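Just the heavy atoms: all of them, side chains too, but no hydrogens, waters or symmetry mates, feed the values below. None of these values were measured; they are calculated from a predicted model.
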Amino acid sequence: MLPATVTSQIRILATIVGCLGVGSCSSAGLFRDLEREQTRIAGEAGRIARLSRGETRLTWNQACGRLLREDFSLRQAEDRLADLKRQRKDQWKEWLPRPSLYVNLQNSLKNLGDVSGNQLSSAIYAPLVVPNPWTQAAKAYQYALQEVQATDSLELTRRRQVIFLYRSFAEWGRAESPLGRVEAMSVDAQLQAALRSRENDVLQVERMQMLQGQMSRMLNLPETNVVLQTETLPAIDYERRLGGLIPGKNYGQLATRLSSYDIQAALLRRKGIDVMQWPSPNLNASVPPVYDSHRQGSQIIDSGEQISLFGSWSKSFDLTGREALSIKSADDNVVYVRELLRVKLDGEGRSWDRLKARYAMLIEKRGLMRERLAAALRGSGSVDEDVESARGLIMDLENLERAKQALDMEVWLWDDNAWK
């Protein structure tokens, strides 16, 4: 048998070594976890490298519905909006008590290995919380502003992702049928075969593969080759509707709301500085523990006399001039934001005028190019000459169609009625 003092020292040493071992064990566990994850990722990479991907055919409505459900950027924006809604809804919980459990151990170092119930005590406290009403009002305003701003930001992200999907569908159609309208024309068979042989090359295959990769990411369809059914794509064309759109009246309401949030944020900062100048109430409560292991009898507060309230109303005065500078800075920021918005609106008005002028130019140019292409396809020289002429016109016409579609997408983004 070992002496009692030696046994006590061994217990103390074992406790200390055990505490020190926690850190090394936890770090060793981290490296084991990392090794397992790396092994798993390497195995997954090898499996995907040998994978034979299946094929999924999607119409526009199917692809659009899946995009709205699965796109990562949309899901992140939706989660952020849900968090902001919870913050606003749960603001009242800041008034609730915050129970705390305290466990106290009193023992000497030499007796650390022999702990009995007499050395342990516990208590539960539930202090009353009385937040500053001015601060709570400012928070409520801030939560409301953040929520409506996040709602419209989500809508803008949703529109942009749908437009990107639309462009991918259109590019898929061009890659799938590079001759476009030429196939529908009455063209000499020898000339059409010559055009096809020149267009059906490796670049078209790479184009399709790139689009499939984009669709796999957007629609969250890994290990799948997506095939887009472009015949289901709706026509988005503002050729006859552009003149009827008036910014600020029946066009661009979402843009207007997004701009207004910048002004409200600047005003909120100014109001916050004003609130800081008001006398600040401070109310506290002294509450005994709800439960105390050393207390005999009732384990709850049995009398209102056990609760003491005390408060104060204070107002500080700044003699350094910093508060005045903060107020001036906030006022200047409001003016700056408003002036910046005026400049922005003027620039957007000029951009709108340029867009309409460019749109009209593209429509006119497209008509002329179609006439030239039809003349080239009728043939007036050798097949080789007709092929080269038609091929150049087809490429120019395709680039023009892309430019027009880019303008259509730009108009569509802010056409609120089209997204209802």
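- W419 places a side-chain N or O within donor-acceptor distance of the main-chain N or O of W412, the cut-off being under 3.5 Å.
- Side chain to side chain, S351 and R354 meet the donor-acceptor criterion of an N or O pair below 3.5 Å.
- Residues D415 and R159 are not paired through a salt bridge, judged by the lack of any N-O separation under 4.0 Å between the basic side chain and the carboxylate.
- At least one cation-pi condition fails for R167 and F164: the charged atom is not both under 6.0 angstrom from the six-membered ring centre and inside a 45 degree cone around its axis.
- Looking at R158 and D71, no side-chain N of the basic residue comes within less than 4.0 Å of a carboxylate O on the acidic one, giving no salt bridge.
- Between the side chain of N250 and the backbone N or O of G244, at least one donor-acceptor pair lies under 3.5 Å.
- Although no hydrogens or angles enter the test, the distance criterion places no donor-acceptor pair under 3.5 Å between the side chain of R88 and the main chain of Y143.
- Looking at heavy atoms from C-beta onward, E348 lies out of side-chain contact with P247 at the 4.5 angstrom threshold.
- Closest approach of E147 and L81 over heavy atoms only: O-CD1, 3.6 Å.
- Put simply, the side chain of D416 gets close to the backbone of Q253: a donor and an acceptor are under 3.5 Å apart.
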**OP:** Decide side chain to side chain contact (heavy atoms under 4.5 Å, CB included) for V162 and L68; before the verdict, give the C-alpha distance in whole Å, the side-chain angles of both, and the deciding distance to 0.1 Å.
**Re:** CA-CA 8 Å; V162 170; L68 297 178; 4.0 Å; yes
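- The minimum heavy-atom distance between V226 and L58, with the atom names listed, is CG1-CD1, 3.8 Å.
- Residue M215 is tested with L228, T224, L67, L221 for a side-chain contact (heavy atoms from CB on, under 4.5 Å); the sole match is L228.
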Original post:
Between W60 and Q229, is a side chain to side chain contact (heavy atoms under 4.5 Å, CB included) present by the stated rule, with each step listed?
Top reply: CA-CA 7 Å; W60 165 253; Q229 297 180 253; over 6 Å; no
**OP:** Could you walk me through whether L233 and W172 pass side chain to side chain contact (heavy atoms under 4.5 Å, CB included), step by step?
**Re:** CA-CA 11 Å; L233 188 66; W172 185 283; over 6 Å; no
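- Taking a 6.0 Å sphere around CD of E231, one finds it holds more than 12 heavy atoms contributed by other residues, nucleotides or ligands.
- The 12-atom threshold is exceeded at CZ of R75, counting heavy atoms of other residues, nucleotides or ligands nearer than 6.0 Å.
- A distance-only check finds no donor-acceptor pair linking the side chain of T157 to the backbone of L74 [under 3.5 Å].
- In this structure, R402 places its CZ atom where more than 12 heavy-atom neighbours from other residues, nucleotides or ligands lie under 6.0 Å away.
- A salt bridge links E401 to R370: at least one charged side-chain nitrogen sits closer than 4.0 Å to a carboxylate oxygen.
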**OP:** Could you go through the side chain to side chain donor-acceptor pair (under 3.5 Å) check for S260 and R257 one step at a time?
**Re:** CA-CA 5 Å; S260 71; R257 293 198 302 271; over 6 Å; no
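- Only one option out of I246, N417, V411 pairs with Y251 in a side-chain contact (heavy atoms from CB on, under 4.5 Å); it is V411.
- Remark: the N61 side chain and the T59 side chain contain no N/O donor-acceptor pair separated by less than 3.5 Å.
- No salt bridge links E339 with R342; every basic N to acidic carboxylate O contact stays at or beyond 4.0 Å.
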**OP:** Step by step, work out the side chain to side chain contact (heavy atoms under 4.5 Å, CB included) result for D262 and L341.
**Re:** CA-CA 9 Å; D262 293 334; L341 179 59; over 6 Å; no
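- Residue D408 is tested with Y238, Y166, Y359 for a side chain to side chain donor-acceptor pair (under 3.5 Å); the sole match is Y359.
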